[in-house]
Q: 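Can you keep this structure in mind? I'll have questions shortly.
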Amino acid sequence: MGKIRRGTLLVHGWTGSGPDHWQRWLAERLRARGAPVVFPNLPDEDTPELERWHQALVTARAELAALGAEEHVILCHSLGAVLWLHHVARLAAARVATPAVRTRVLLAAPPSPEAIRAARVIRGFLPVPLDGEALRRAGHEVALVGSARDEHDAAGVQATYGDPLHLRATILPAEAGHINTAAGYGPWPGLEAWWETGAPLAAA
């Protein structure tokens with residue numbers, strides 16, 4: 001897997017991904033090795049609105065497709081992972097075919113519907129579509145990862161998303177929290193290994 005030309009799209013969550021976030025860390029490392037990277041700043045990141053975010057995602061995917069990579073890797077964090085679930089549900093409703101380019105998707109620490117509801121400035125993301133068939137049609141490989149104690153999903157990622165989507169989540173230790181800067185993510189060599197070889201996801 002390491003020798004092919006691999007393009008990457010990173011999709012941040014609510015309030016964005018700051019300079020010390022693992023998404024920024026990985027984007028810089030991939031660009032340094034000459035890999036194509038698309039990392040859009042989604043509009044109004046502090047007051048997200050689904051329709052505007054979704055249009056930005058569609059535009060970013062078109063930008064990724066134009067780069068001519070042989071494989072696409074899409075890395076979504078937090079509310080960005082929920083955005084991806086909306087996106088694939090819309091693709092399925094429009095009967096969009098499975099992408100010809102091999103596509104791998106990572107959904108990291110999606111917040112629960114209860115957490116989204118509690119953040120009153122987030123608009124349009126509820127209800128969250130939980131269509132496992134649509135998810136797999138839009139990505140040849142889908143990985144779901146959360147921690148054993150995420151303050152934005154009290155029930156845990158397996159119960160909230162893994163079970164209804166028929167995915168077996170990778171559960172990181174409790175100290176991984178929301179898999180964000182506050183939890184030390186940060187440099188995440190285990191994710192870089194997953195990006196390059198498909199190795200099992202490991203904690204930072």
Side-chain angles (χ1 to χ4, degrees), residues 1-43 45 53-88 91 96-110 135-147 167 169-170 172 176 178-181 183-204:
M1 292 177 67
K3 295 182 180 179
I4 71 171
R5 180 172 166 82
R6 184 175 297 115
T8 302
L9 169 61
L10 297 108
V11 185
H12 68 69
W14 181 29
T15 74
S17 295
D20 297 324
H21 195 282
W22 60 264
Q23 288 187 317
R24 300 286 174 193
W25 173 84
L26 183 62
E28 290 175 4
R29 290 181 65 83
L30 297 182
R31 286 171 176 147
R33 64 165 73 178
V37 174
V38 177
F39 194 175
N41 292 314
L42 301 177
E45 61 188 29
W53 272 34
H54 187 260
Q55 185 53 56
L57 175 58
V58 171
T59 299
R61 290 202 73 189
E63 183 179 346
L64 181 65
L67 296 176
E70 300 167 86
E71 179 180 89
H72 292 169
V73 181
I74 299 172
L75 304 171
C76 307
H77 179 245
S78 193
L79 194 64
V82 175
L83 173 63
W84 184 258
L85 294 176
H86 279 280
H87 178 59
V88 300
L91 294 179
V96 175
T98 300
V101 175
R102 176 172 171 77
T103 301
R104 292 194 290 143
V105 179
L106 176 71
L107 305 177
L135 184 64
R136 281 175 282 278
R137 187 181 303 134
H140 298 86
E141 178 184 338
V142 182
L144 175 66
V145 60
S147 79
L167 294 173
T170 296
L172 302 180
H178 194 52
I179 315 180
N180 56 10
T181 305
Y185 288 73
W188 190 359
L191 176 62
E192 188 174 18
W194 178 87
W195 178 90
E196 186 159 14
T197 68
L201 274 167

Q: Indicate yes or no: does Glu196 engage Arg33 in a salt bridge with an N to O separation below 4.0 Å.
A: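 Here Glu196 pairs with Arg33 in a salt bridge, since their nearest N and O are under 4.0 Å apart.
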Q: Atom CG of Leu30 and atom OG1 of Thr8: how far apart are they, to the nearest 0.5 Å?
A: 5.0 Å
Q: Of all the heavy-atom pairs spanning Ala176 and Ala183, show the shortest one and how long it is.
A: O-CB, 3.1 Å
Q: With a 3.5 Å distance limit and no angle check, can you tell me whether Gln23 reaches the backbone of Leu75 through a side-chain donor-acceptor pair?
A: yes
Q: Aromatic contact between His77 and Trp22, with the criterion being ring centroids under 6.0 Å apart: yes or no?
A: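 Under 6.0 Å, so yes.
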Q: Specify the closest pair of heavy atoms between Ala138 and Leu91, including all atoms of both residues, with the distance to one decimal.
A: CB-CD1, 4.3 Å
Q: Can we say Glu71 and Arg104 salt-bridge, meaning some charged N sits less than 4.0 Å from an Asp/Glu carboxylate O?
A: yes
Q: Given side chain to side chain contact (heavy atoms under 4.5 Å, CB included), test Arg102 with Glu141 step by step and report yes or no.
A: CA-CA 8 Å; Arg102 176 172 171 77; Glu141 178 184 338; 3.1 Å; yes
Q: To check you understand the geometry: which heavy-atom pair defines the closest contact between Ala199 and Trp194, and what is its length?
A: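 Smallest heavy-atom distance, with atoms named: O-CD1, 3.2 Å.
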Q: Please report the shortest heavy-atom distance between Ser147 and Ile179, naming the atom on each side.
A: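 Heavy atoms only, the tightest pair is N-CD1, 4.5 Å.
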Q: Rounded to the nearest 0.5 Å, how far does OG1 of Thr15 lie from CG of Leu42?
A: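 Separation between the atoms: 11.5 Å.
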Q: Should Val82 and Cys76 count as side-chain neighbours, where that means a heavy-atom distance under 4.5 Å?
A: no
Q: Using 0.5 Å steps for rounding, measure from the OG1 atom of Thr59 to the CG atom of Leu64.
A: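 Separation between the atoms: 12.5 Å.
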Q: Would a line drawn from the ring center of His21 to the ring center of His12 be shorter than 6.0 Å?
A: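 No, the ring centres sit 6.0 Å or more apart.
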Q: Could you check Val145, Val11, Leu135 and say which one makes a side chain to side chain contact (heavy atoms under 4.5 Å, CB included) with Leu107?
A: Leu135
Q: Decide whether Ser78 and Trp14 meet the rule of one side-chain donor and one side-chain acceptor closer than 3.5 Å.
A: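 Looking only at side-chain atoms, Trp14 and Ser78 do not form any donor-acceptor pair under 3.5 Å.
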Q: For the atom pair NE2 (His140) and OG1 (Thr103), what is the distance rounded to the nearest 0.5 Å?
A: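 These two atoms lie 6.0 Å from each other.
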Q: Can you see which heavy atom on Arg6 is nearest to which on Val73, and at what distance?
A: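 Looking at all heavy atoms of both residues, the closest pair is CD-CG2, 3.3 Å.
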Q: Can you say whether the rings of Trp84 and His87 are parallel (under 30°), tilted (30 to 60°) or perpendicular (over 60°)?
A: tilted
Q: Hey, could you give me the NE2/CG distance between His72 and Leu9, rounded to the nearest 0.5 Å?
A: 9.0 Å
Q: Of all heavy-atom pairs between Pro187 and Ala204, which one has the smallest distance, and what is that distance?
A: O-CB, 3.5 Å
Q: Between the side chains of Glu192 and Arg29, is the shortest nitrogen-to-carboxylate-oxygen separation below 4.0 Å, so that they form an ion pair?
A: yes
Q: Could you tell me whether a side-chain N or O of Trp53 sits under 3.5 Å from a main-chain N or O of Leu83, the two making a donor and an acceptor?
A: no
Q: Keeping Trp188 on the side-chain end and Ala202 on the backbone end, is there a donor-acceptor pair under 3.5 Å?
A: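 Checking the backbone N and O of Ala202 against the side chain of Trp188, a donor-acceptor pair under 3.5 Å is found.
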Q: Just wondering, do Arg24 and Leu10 contact through their side chains at under 4.5 Å, heavy atoms?
A: no
Q: Are the side chains of Pro36 and Arg5 in contact, using a 4.5 Å heavy-atom criterion?
A: yes
Q: Mind checking the CG-CZ spacing from Asn41 to Phe39? Nearest 0.5 Å is all I need.
A: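 Separation between the atoms: 7.5 Å.
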Q: Hey, does Leu106 have a side-chain heavy atom less than 4.5 Å from the side chain of Leu191?
A: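 They are in contact (side-chain heavy atoms under 4.5 Å apart), so the answer is yes.
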